[in-house]
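Read through the structure below, which is laid out as structure tokens, and then see the notes.
None of the values given here were measured: they were computed from a predicted structure. Residues: numbered from 1 along the sequence shown. Because only heavy atoms are used, hydrogens play no part in the values below, and waters and symmetry mates are left out as well, while side chains stay in.
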Amino acid sequence: MNPLRITLIGGPTALIEIDGFRLLTDPTFDAPGTSYQLPHVRLEKLAGPALGADALGDVDAVLLSHDQHADNLDNSGRDFLRRVPRVLTTVAGAKRLGSRAEGLAPWATTALTGKSGNSLTVIATPARHGPAGIEPFSGDVIGFVLISPKPGSRPVYISGDTVWFDGVAEVARRFKAGVVLPFAGAAQTRGPFHLTMDTNDTIETARAFPDAVIVPLHTDGWAHFRQNANDLRASFDTLGFGGRLRILEPGVATMIEATEVKTSPNPS
């Protein structure tokens, strides 16, 4: 598989470099100490980004799982969207954000095309931002699968804000992803249940993608996160597959390589 380079900016925000494309997940660039009043809760940001928006350079597209919660799109993140050629998000989110945003329903497909003619397929995936029944309160959310046309490459799955549910299991059935980026942290705001993956959900996701490298995002930086990367490390190590977990150091570009897909030679 062609190597993938990922730089954790903080929280759910990461720069993904693949096949010449530079993609940013859920942009959050506000300073630490900023708070955001939502109808049901006040969110507090504990840590700022490892890299500022100006330090990122050009970005080809933003992969925005949803636009309604500040821990996935804060004030500076909204400003950042104005400088990006393409913003891929939910159908409802695209209507709120305006003409630059493109709405994708789960399983919808689009393509990114580079200046040199290179391409990357992006497929929206289902997500559920909490337990069954939460949808009217949490709103629509999507994840993303990235598919390179290069031989031997494997899909990359970005879960977006979701818990483990049958939609994530269906992604695993459809795509043999080599790298999986689960949004973890066990976020909790409304009650005694989590809105993003906890350690158990992340473990289930790792089991569903049995040979993928697991690169968690959304584990730090906000007061309502109930678990962190250290909790994931302890859980994975206890179960004996800690070697598959890659914890990123904020601000450091990290090469991630997955096992190649073996293709049969053409018959002569």
ask   = Counting distance only, does the side-chain N/O of Q227 pair as donor-acceptor with the main-chain N or O of T199 below 3.5 Å?
value = yes

message = Any donor-acceptor pair under 3.5 Å linking the side-chain atoms of D71 with those of H224?
response = yes

L248 backbone acceptor or donor facing T254 side chain under 3.5 Å = no

message = For F80 and F29, take the angle between the two ring planes, folded into 0 to 90°, and tell me which bin it lands in: parallel under 30, tilted 30 to 60, perpendicular over 60.
response = tilted

query = Do N228 side-chain atoms and D231 backbone N/O form a donor-acceptor pair below 3.5 Å?
reply = yes

query = With sequence neighbours left out, what residues match R244 under salt bridge (charged side-chain N to carboxylate O under 4.0 Å, His left out)?
reply = none

ask   = Is any side-chain heavy atom of L217 closer than 4.5 Å to a side-chain heavy atom of P12?
value = no

Joint cluster assignment, L4 & I147, ILVMFWY side-chain distance < 4.5 Å = no

ask   = Should L97 and L64 count as side-chain neighbours, where that means a heavy-atom distance under 4.5 Å?
value = yes

task = Please report the closest heavy-atom contact between P182 and M197, naming both atoms and the distance.
result = CB-SD, 3.7 Å

note = Here the pair of heavy atoms bringing T28 nearest to L73 is CG2-N, 3.9 Å

Plane angle bin for F225 and W222 - parallel if under 30°, tilted between 30 and 60°, otherwise perpendicular = tilted

request  = With sequence neighbours excluded, give me every salt bridge (charged side-chain N to carboxylate O under 4.0 Å, His left out) pair touching residues 27-52.
outcome  = K45-D74

task = Tell me, with the steps shown, if L24 and L56 meet side-chain contact (heavy atoms from CB on, under 4.5 Å).
result = CA-CA 10 Å; L24 192 76; L56 287 182; 3.9 Å; yes

remark   = Shortest non-hydrogen pair, T125 vs P106, comes out as C-CB, 4.2 Å

task = Output yes when a side-chain donor or acceptor of R83 lies under 3.5 Å from a complementary backbone atom of V59, and no otherwise.
result = no

key: R5 atom CZ: more than 12 heavy-atom contacts under 6.0 Å   = no

request  = Hey, could you give me the CD1/CZ distance between I247 and R233, rounded to the nearest 0.5 Å?
outcome  = 5.5 Å

message = With a 3.5 Å distance limit and no angle check, can you tell me whether S153 reaches the backbone of K150 through a side-chain donor-acceptor pair?
response = yes

task = State, with a plain yes or no, whether a side-chain heavy atom of S159 is found less than 4.5 Å away from one of T205.
result = no

ask   = Which atom pair, heavy atoms only, marks the closest approach of G10 to D220?
value = CA-OD2, 4.4 Å

ask   = Which residue, F183, F209, F144, forms the ring-ring contact (aromatic ring centres under 6.0 Å, His included) with Y157?
value = F209

message = Test of understanding: clusters of I, L, V, M, F, W, Y form through side-chain heavy atoms closer than 4.5 Å, transitively. Do L88 and V156 belong to the same one?
response = yes

ask   = Do L51 and V252 share a hydrophobic cluster (ILVMFWY, side-chain heavy atoms under 4.5 Å, transitive)?
value = no

query = If only atom types and distance count, is the side chain of T162 paired as donor or acceptor with the main-chain N or O of H129 below 3.5 Å?
reply = no

ask   = Does atom CZ of R100 have more than 12 heavy-atom neighbours from other groups under 6.0 Å away?
value = yes

message = For a 4.5 angstrom cut-off between non-hydrogen side-chain atoms, does I203 reach S235?
response = yes

query = Do you know which two heavy atoms are closest between D19 and N118, and how far apart they sit?
reply = O-ND2, 2.8 Å

List the atom pairs, donor and acceptor, that lie under 3.5 Å between side-chain atoms in residues 163-175 and the rest of the protein, sequence neighbours left out.
residue : atom : partner : partner atom : Å
E170    : OE1  : R173    : NE           : 2.8
E170    : OE1  : R173    : NH2          : 2.9
E170    : OE2  : R174    : NE           : 2.9

query = Out of curiosity, T202 OG1 to L232 CG, how far, rounded to the nearest 0.5 Å?
reply = 5.0 Å

ask   = Going by atom types only, do H218 and D26 share a side-chain donor-acceptor pair under 3.5 Å?
value = no

message = Using 0.5 Å steps for rounding, measure from the CD1 atom of I214 to the CZ atom of R207.
response = 12.5 Å

task = Go through the steps to decide whether K95 and V91 satisfy the test side-chain contact (heavy atoms from CB on, under 4.5 Å), and finish with yes or no.
result = CA-CA 7 Å; K95 292 177 180 177; V91 173; 4.2 Å; yes

ask   = At what distance, to the nearest 0.5 angstrom, does OG1 of T189 lie from NE2 of H69?
value = 7.5 Å

query = If you group Ile, Leu, Val, Met, Phe, Trp and Tyr by side-chain heavy-atom gaps below 4.5 Å, do L104 and V141 land in one group?
reply = no

message = Once rounded to the nearest 0.5 Å, what's the spacing between atom OG1 of T89 and atom CG of D67?
response = 5.5 Å

request  = Apply side-chain contact (heavy atoms from CB on, under 4.5 Å) to L23 and V122, showing your working.
outcome  = CA-CA 11 Å; L23 313 175; V122 181; 5.5 Å; no

query = Can you check side-chain contact (heavy atoms from CB on, under 4.5 Å) on H194 and R226, steps first, answer last?
reply = CA-CA 8 Å; H194 55 276; R226 297 293 182 259; over 6 Å; no

ask   = Do the side chain of R246 and the main chain of V213 share a donor and acceptor less than 3.5 angstrom apart?
value = no

ask   = Can you tell me how far the CG atom of L120 sits from the CG atom of L146, to the nearest 0.5 Å?
value = 5.5 Å

query = Are I142 and L112 joined in one hydrophobic group, where the rule is that I, L, V, M, F, W and Y side chains link up if heavy atoms are under 4.5 Å apart?
reply = yes

query = Just by modelled atom types, is the V179 backbone N or O under 3.5 Å from a matching donor or acceptor in the R154 side chain?
reply = no

remark   = Tightest non-hydrogen contact, residues A50 and G251, listed as CB-N, 3.4 Å

inquiry  = Check whether R22 reaches the backbone of L15 with its side chain - one donor and one acceptor, N or O, closer than 3.5 Å.
reply    = no

ask   = Under 3.5 Å, is there a donor-acceptor pair between the side chain of D237 and the main chain of A234?
value = no

